[in-house]
Amino acid sequence: MSQTNTQPAGLPLRTVKVDYLTRVEGEGGLYVRAEGGELREVKLNIFEPPRFFEAFLRGRHFQEVPDITARICGICPVAYQMSSVHALEAALGVKPGPEIRVLRRLLYCAEWIESHALHIYLLQAPDFLGYDSAIAMAADHPREVEQGLRLKKIGNNLLELLGGRATHPVSVCVGGFYKAPRRKDLLKLRSDLEWGLEASLETVRFVAGLKFPDFTPDYEFVSVTHPAEYPMNERRIVSSAGVDVEPAEFERVFVEEHVEHSTALHSRKGETGTSYFVGPLARLNLHLEKLLPRAREAAKTCGITWPSRNPFHGIVARAVEMAHAYEEALAIVEAYQEPARSREDIKVHAGEGSAATEAPRGTLYHRYQIDDQGLVEFAKIVPPTAQNYRRMEDDLRLYLPGILERPEPEIARACEDLIRNYDPCISCSTHFLKLKLDRE
Amino acid sequence: MSKTVTQRETRGGTGGRGLSMRVVGCGNAQAGDDGAGLEIVRRLRERGDCTCELLERPQAGLELMDALRDADGVLFIDAVSSGSPPGTLHLVPLPSATVVPRALGAISSHGWGLAETLRLMAALHHRLPRLALLGVEIESAQPGAPRSAAVESAVQVVVERFEALEKFLTLEEEWDWVTPRRFAPGEPPTGKGGF
């Protein structure tokens, strides 16, 4: 609904409302105020109720933490489990062996696959192809939607096999897994993984051919880094502006703070106060050369010049990562040997540990303090979407001036399209989008 | 011994002319009467002679499509809270405006539930199954509470008479699926319109 009033100077007042941002997880609103045709205020309002996980983890035994934090998100439970187990293992001095490490990467591959397939085909492709919904898109593009559903389903099946359950896996524990999969069961997925790899590469070609707005802000990209592997679970945190720190220094470099208009905390660089960008585009820009060969080749030949500062290229980055995840999952499954033990022994003692892993949506940081009984005394969780909120507002401040003269429904739609680049998981970040635009 | 039968076996089980049916139990087993649907499916699975495919706890979001694909008919069994006396059995086509399944009605991820799943299947030209709900009217969904006597009685009736219900729903006549029915607690669901 729009409203038009006038001020004494005769300048128009316009209001644009988008009730809820569609095709994102959770609920958020956007307030925009323009004066005399110039943008004055942008606020991304998150009205998802705070969920207080950090508070009610206190007093829980450390082995309960993976199961509890998995409930933060139905789309990315593995990410919460991985960040929590790595942080708690840092606190306890536990170092899982290579077989457990590989199984954890395989589990993350499964989650990246199902999350990215969902986002590419059902949440964001409709934006680029001019549809209001995936259902409307399916009527005209059934093959693409069916492909996306099958790509996602394979990820779900792999996650269920490794995790014991498709939603909120139950096999992950501090020290490893309660149960490792059988080789013969993993090999049953091989043909699906082979199909998925080819379909992912086709997805890269499909999304790289979409029409992208020309919008290239100056971002600081942040992600976890590993010396040789495309980052998932380990370990240091790096940025395109030169940050290179251990997880224990994360909170010194990246600061969370309350903002009045949001139930989710916002993050900024501590030193500069500026926003930063986490997620697939950040990972790909920072670590393209560490992709597995076929995914790397697809990224280099798809027609996009990397590193890219266009957030709309995030859909291509997700497709490349999906291909990488399929390629890595296939390699792990083919080489898999059942481990002698699925988890390490743990000697319980007081300690503190932190870790960052790469959720489908970006860097997810956890820190825990535990007492000598293994009970949590303190928990801190910094989700990727919360880290991106300030960057989303900065993007909107840059993007809106160019579209303010359009009709309100077009402005609202353009704001939604921009924010959907971040694949925001709002329920995770609170502890979609109602747009109110006041023009004065 | 529990046993889950596939669609092919179902067709053989109904004499070859009936519909293939999937029975999906929904609910929360930790919340009093809310787990009635799951308990019915669990007991059917234990009994081992059900000729339908049995499924428990359909997944939310797009995965709900898995519960609906490749079946002529899908019967959801779920707790309902419509104001009828506890233990009342409702047999209604889905979607229903008057009898809303508690768990199935709440399944949603990214705002995606049963209605959206059916619309997507239609857009993709998938065969849409006939959908029905066997709703068990609950007394309480208190977390940790035991099942109420009225709902336990209703669960027993459904399990005991499930073979008749199965035969009834695998008949091909359309009216069987579109005519809502209600059976009061203690009233055997037999006779005209019953099973």
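Residue numbers start from 1 in every chain, and the chains themselves are labelled A, B, ... in the order their sequence lines are given, proteins ahead of strands. Since we're looking at a predicted model, the values are computed, not measured.
Other residues, nucleotides and ligands contribute only 12 or fewer heavy atoms inside 6.0 Å of the CZ atom of B/R119. Within a 6.0 Å sphere centred on CZ of B/R69, heavy atoms belonging to other residues, nucleotides or ligands number more than 12. Atom CD of B/Q30 sits in a sparse spot, with 12 or fewer heavy atoms from other residues, nucleotides or ligands closer than 6.0 Å.
Considering OG of A/S133 and CD of B/E116, their distance stands at 9.5 Å, rounded to 0.5 Å. Atom NE2 of residue B/H126 and atom CD of residue A/E146 lie 3.5 Å apart, to the nearest 0.5 angstrom.
Considering only residues two or more places apart in sequence or on other chains, A/E111 meets the salt bridge (charged side-chain N to carboxylate O under 4.0 Å, His left out) condition with none of them.
Contact record, B/L120 with A/A138: CD1-CB, 3.5 Å, taken as the closest heavy-atom pair.
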